[in-house]
Amino acid sequence: MSDRIVGAAPSPGRLLAAAEPQAGPAAKALDLLSIIVAAVEQAPGLAVRGIDRDGIVRYWSLGAARLYGVAAEFALGQPWARVAASLPDAASLAEEGAGELAAVWESGKARSTRLWKLDADGAAPRCICSTVFPVIQSGRVRQVVCIDVDITASGQDGAAQGALLLMGDNFRQLYDKSADAIVLLRDEYIAEANPAAIALFQCEDRPRLLGRRLSDFSPLRQPDGALSSLRGTQLAAQAHADGNCRYDWRYQTCAGQLFWGEVLLTSVTLDHTYLFYAVIRDISSRKLAERALYLSMQVIEHASVAIVVMDPQQRVVSMNPAYSEISGYSLDDMLGKPFVQHGVEPDAPAFFDHVWDEVEANGYWQGDIAGQRQAGGRYPAWLSLTAIRDSQGQLSNYLAILSDISERKKNEEHTRHLAEHDFLTDLPNRVLLLDRLSQALAAARRKRSMLAILYLDLDHFKHINDSMGHHVGDLLLKEVARRLVRCVRGVDTVSRHGGDEFVIILAEVGGIDQVAHVASSLLHAVTQPYQLGEYELQVSTSIGVAIFPSDGDSIDTLVHNADIAMYHAKESGRNNFQFFNAEMNAQIVERASLEQGLRAALGRDEFVLEFQPALDVASGKVVGAEALLRWRHPQLGVLPPERFIAVAEECGLMVSIGNWVLQQACRRARAWHDAGQAWRVAVNLSPAQCLHNNLLLSVQEALAVSGLPAACLELEVTESLLMKGGARLAGVLAQLRALGARLAIDDFGTGYSRLANLRHYPVDKLKIDPSFLPAAAGASDTMVAATIIAMARELQLTVIAEGVETAQQLAYLRGQGCQQYQGRYASAQVEGSVLAKLLN
């Protein structure tokens with residue numbers, strides 16, 4: 001057999017020639033190797049390839065030429081990558097072959113047998129079993145030899161075996177490349193795991209999985225509280241009994257991260273041993289989606305707002321319990337029916353046509369509606385409608401979210417009422433008054449009708465608060481409000497403007513006489529007695545009236561003019577009403593101008609003092625002078641005090657002006673003394689100064705700065721102020737008297753006080769009012785002057801007469817025993833003299 005083989009023609013795959021008979025052992029060994037190679041080449045279904053380190057094909061057997069259909073002359077000396085590209089299944093063969101070759105070159109070790117399928121053109125697929133091993137010389141890999149065996153070439157049994165091997169190989173590839181984790185369990189321990197399992201459990205390598213139980217990769221307990229080890233055993237028993245078992249399981253990776261897996265546990269038998277195949281798929285995302293969906297359903301189910309889902313035809317397909325609680329309609333009542341039919345008020349469909357148009361255009365709509373209850377009745381609701389579209393942008397559903405806002409509306413109404421009404425009387429306040437006045441004016445313009453504004457102010461209300469307490473004042477305001485409301489019509493408005501002021505709007509009045517009648521009714525109602533707890537009160541009010549359109553055509557003008565008329569009512573004696581006229585406005589404008597000028601007058605040095613001399617009746621000598629304030633107004637000229645003192649008192653400037661007068665008068669008197677005339681200077685004290693806490697300090701400062709002796713300062717207070725001042729004023733006057741200043745009572749006789757009361761005050765002088773002098777009064781009044789002079793002399797008080805203008809008046813005073821006088825006649829006596837120049 002050896003000779004036959006040796007004598008055969010050498011094939012393209014032969015590597016060695018046969019040895020000669022007389023050859024030595026080496027030649028015989030080579031001959032044996034040649035015989036083996038020849039046998040390999042001639043073996044059916046066997047293909048051998050040799051490839052060097054550079055990837056060049058160095059050996060290509062006849063079997064390789066037959067199996068792959070590539071002759072040796074086209075393979076030898078060519079790069080394996082190029083040869084592989086021309087073979088059937090070139091892509092997979094080149095890719096897998098390159099990987100195996102690289103692994104053998106690197107490791108120097110043979111690769112395990114691999115089964116794969118070869119598809120030949122026009123022929124049945126072949127099952128190829130491949131082995132790759134290195135050829136090592138001198139410790140280095142010189143070549144890599146690939147032996148491919150065609151299993152299907154060995155007849156029917158070989159074909160069947162090849163099919164089975166291919167099926168197993170296909171399963172192995174499916175096992176290795178599966179995206180799902182697959183583990184083989186033997187006696188509950190992991191015997192095999194595919195790459196996906198290693199990746200799923202985040203293990204560094206396969207040994208981290210092998211030999212461990214699946215329960216080792218689970219938390220101690222599952223989410224339902226069951227022990228993972230016990231539950232795993234139960235599920236394995238169920239899979240063994242039923243063949244397989246599918247369930248969800250909570251796992252924990254090697255890195256400690258939890259995830260959800262869907263498990264298909266299948267029981268198999270191998271060599272009379274029970275095994276389990278577990279296919280595990282990561283369903284954490286699905287679980288999160290299911291959890292989110294569950295939470296969404298729970299939110300919808302337990303939401304306090306009603307949620308209704310409709311189809312594209314606006315028919316109800318689902319709703320939550322809150323809608324039934326709000327409306328009373330059940331799902332059976334609403335299912336398949338248009339939402340608008342039962343959900344909202346009967347006259348709403350026309351309104352909802354517009355709503356649906358807006359939803360169609362913008363995708364949503366929201367706003368207030370009136371909902372309809374099944375039991376009847378409506379309720380305010382807030383509705384939000386949204387169009388829901390699918391992934392293709394097509395309308396799939398409508399979502400309605402509805403909430404009952406009855407409570408919110410009540411709260412809003414209550415808040416609005418508080419914002420627009422007075423907290424004490426519950427009458428409209430200034431905000432609501434202006435709104436109603438705006439509407440009333442618009443109606444009056446439209447109908448060309450009259451409208452009246454009445455401005456009321458309670459007289460002396462501050463005295464009630466101060467003397468009886470604010471709680472009594474509040475009770476009074478409430479009762480006044482009730483009386484005012486009863487005096488007007490329902491279309492009219494009574495509002496509290498602040499403090500003790502009320503404003504009334506009389507809408508669509510027929511004439512001035514009607515307004516006057518209402519004003520008289522208001523006066524009568526307010527002046528009726530009040531029984532407020534233990535107090536019985538009787539108050540009055542002053543009312544100013546402005547008429548639209550004659551007294552103004554705007555809100556501000558009408559209210560302002562009514563306010564002006566009210567002030568004139570107070571100036572006219574209070575407890576009356578006055579209609580606004582232009583003269584009133586002129587006076588108010590002048591007063592405002594005076595007030596503005598007064599606030600700057602001190603800084604601009606516009607005030608001056610004139611000194612009116614006081615003469616001794618017996619000797620005719622100057623004994624002193626009274627400081628009289630004048631205002632050099634930039635536009636109006638020199639103004640006497642009666643033009644501006646009242647304004648200064650009202651706007652709170654009298655204390656600062658009085659202090660200025662006090663300081664300037666003391667300086668002037670000191671100048672008289674320095675000139676050799678020890679005259680006394682008289683200064684009038686205003687009510688504001690007398691009630692101010694710092695009066696004593698102001699007097700002390702004026703005396704100290706000027707250097708004037710206190711005995712040369714005479715301070716005058718009016719009789720009326722003395723009567724109202726009470727104990728507080730008496731204490732202040734006593735302090736001033738103790739300082740050394742002299743005190744005089746001005747305008748004595750006009751306050752109707754008794755002379756005996758003067759004993760209670762440290763008074764030094766009485767000034768008789770000019771109205772009691774002859775030629776300016778009747779006989780009874782001159783008797784008053786005589787009586788005052790007589791009583792004063794008994795009380796050892798000095799008496800001085802004011803306003804003496806004639807010699808006859810002076811003669812009368814001399815006859816009655818009056819000691820001093822002043823006035824025009826007294827000024828004329830010193831006019832042109834050196835003393836007159838010294839005075840001013």
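None of these values were measured; they are calculated from a predicted model.
- Taking a 6.0 Å sphere around CZ of Arg66, one finds it holds more than 12 heavy atoms contributed by other residues, nucleotides or ligands.
- The minimum heavy-atom distance between Leu395 and Arg389, with the atom names listed, is N-NH1, 3.5 Å.
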- Message: Test ring pair (Phe, Tyr, Trp, His ring centres under 6.0 Å) on Phe217 and Phe201; report intermediate values, then the result.
- Response: CA-CA 8 Å; Phe217 296 94; Phe201 287 98; 5.1 Å; yes
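- Atom CG of residue Leu275 and atom CG of residue Leu185 lie 8.5 Å apart, to the nearest 0.5 angstrom.
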- Query: So Trp365 and Thr386, side-chain contact (heavy atoms from CB on, under 4.5 Å) or not? Walk me through it.
  - Reply: CA-CA 7 Å; Trp365 177 89; Thr386 305; over 6 Å; no
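- Residues Leu385 and Val355 are in side-chain contact: their nearest non-hydrogen atoms beyond the backbone lie under 4.5 Å apart.
- Of all non-hydrogen atoms in Trp260 and Pro223, the two that sit nearest each other are CZ2-CG, 3.4 Å.
- For the pair Val48/Tyr59, a side-chain contact is recorded, criterion being any heavy-atom separation below 4.5 Å from C-beta on.
- Between the side chain of Ser403 and the backbone N or O of Ile405, no donor-acceptor pair lies under 3.5 Å.
- Checking Ser330 against Asp332 by side-chain atom types alone, no donor-acceptor pair falls below 3.5 Å.
- To the nearest 0.5 Å, atom CD of residue Gln314 and atom CG of residue Asn397 are 12.0 Å apart.
- Side-chain contact, Asp311 with Tyr398: no donor N or O sits under 3.5 Å from an acceptor N or O.
- Ser284 and Asp282 form a side-chain donor-acceptor contact under 3.5 Å, judged by distance and modelled atom types alone.
- A donor-acceptor pair under 3.5 Å is absent between the side-chain atoms of Asp242 and the main chain of Asn244, judged by distance alone.
- With a 4.5 Å cut-off on side-chain heavy atoms, Ser86 and Val70 count as touching.
- The cationic group of Arg212 does not satisfy the cation-pi geometry with Tyr189, failing either the under 6.0 Å distance to the six-membered ring centre or the 45° limit from the ring axis.
- Residue Glu106 places its CD atom among 12 or fewer non-hydrogen atoms of other residues, nucleotides or ligands, all under 6.0 Å distant.
- How far CD of Glu301 is from CD1 of Ile307: 9.5 Å, rounded to the nearest 0.5 Å.
- When all heavy atoms of Ala239 and Leu265 are compared, the pair lying nearest together is CB-O, 3.6 Å.
- By the 4.5 Å heavy-atom criterion applied to side chains, Trp60 and Val83 are counted as neighbours.
- Partner of Glu262 under the salt bridge (Lys or Arg N to Asp or Glu O under 4.0 Å) criterion, chosen from Lys287, Arg286, Arg250: Arg286.
- Salt bridge status for Arg373 with Asp404: present, with a side-chain N to carboxylate O gap under 4.0 Å.
- The CZ atom of Phe339 sits 5.5 Å away from the CG atom of Leu383 when rounded to the nearest 0.5 Å.
- The closest donor-acceptor contact from the side chain of Ser215 to the backbone of Ser229 lies at 3.5 Å or more, if one exists at all.
- The two atoms that bring Ser130 and Ile128 nearest to each other are OG-CG2, 3.7 Å, heavy atoms only.
- Two residues are said to be in side-chain contact when any heavy atoms from C-beta on lie closer than 4.5 Å; Phe259 and Leu200 meet this criterion.
- With hydrogens and angles ignored, the 3.5 Å screen pairs a side-chain donor or acceptor of Asn194 with a backbone N or O of Ile182.
- Glu204 and Arg208 make their closest contact through OE1-NH1, 2.6 Å (heavy atoms, listed as atom of the first residue, atom of the second, distance).
- Side chains of Leu264 and Tyr247 form no contact here, defined as non-hydrogen atoms less than 4.5 Å apart.
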- Could you check Phe133 against Ile147 for side-chain contact (heavy atoms from CB on, under 4.5 Å), going step by step and ending with a plain yes or no? CA-CA 9 Å; Phe133 60 90; Ile147 301 177; 3.4 Å; yes
- Task: Quick one: do Leu214 and Ile190 satisfy side-chain contact (heavy atoms from CB on, under 4.5 Å)? Show the steps, please.
- Result: CA-CA 7 Å; Leu214 276 179; Ile190 300 174; 4.2 Å; yes
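- The side-chain heavy atoms of Tyr294 and Gln298, taken from C-beta on, include a pair separated by under 4.5 Å.
- A salt bridge is absent between Lys410 and Glu413; no separation between the charged side-chain nitrogens and carboxylate oxygens falls under 4.0 Å.
- Between Glu412 and the choices His414, Arg416, Arg408, the side chain to side chain donor-acceptor pair (under 3.5 Å) rule is met once, by Arg408.
- Judged by the 6.0 Å distance and 45° axis criteria, Arg49 is positioned over the aromatic ring of Trp80.
- Residues Asp390 and Ser396 bring no donor and acceptor atom of their side chains to less than 3.5 Å of each other.
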- Task: Could you give me the CA-CA distance, side-chain angles and deciding distance for Trp249 and Ser218, then say whether side-chain contact (heavy atoms from CB on, under 4.5 Å) is met?
- Result: CA-CA 8 Å; Trp249 192 261; Ser218 307; 2.8 Å; yes
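- Taking the side chain as every heavy atom from C-beta outward, Leu220 and Leu227 approach each other to under 4.5 Å.
- Minimum heavy-atom separation, Tyr277 to Val268: CD1-CG2, 4.0 Å.
- Here Leu399 contributes atom CG and Ile388 contributes atom CD1; the two are 4.5 Å apart, rounded to the nearest 0.5 Å.
- No more than 12 heavy atoms of other residues, nucleotides or ligands shown are found within 6.0 angstrom of CZ on Arg82.
- Looking at Asn320, its side chain never comes within 3.5 Å of a backbone N or O of Ala306 through a donor-acceptor pair.
- Gln372 contributes atom CD, which lies 10.0 Å from atom OG of Ser327 (distance to the nearest 0.5 angstrom).
- Residues Gln257 and Gln252 have side chains that never bring a donor and an acceptor to within less than 3.5 angstrom of each other.
- Exactly one of Gln143, Arg142, Arg58 qualifies for a side chain to side chain donor-acceptor pair (under 3.5 Å) with Asp52. That residue is Arg58.
- Under a 4.0 Å N-O distance rule, the pair Arg186/Glu192 does not qualify as a salt bridge.
- Judged purely by atom type and a 3.5 angstrom limit, Ser228 uses its side chain to pair as donor or acceptor with the backbone of Pro219.
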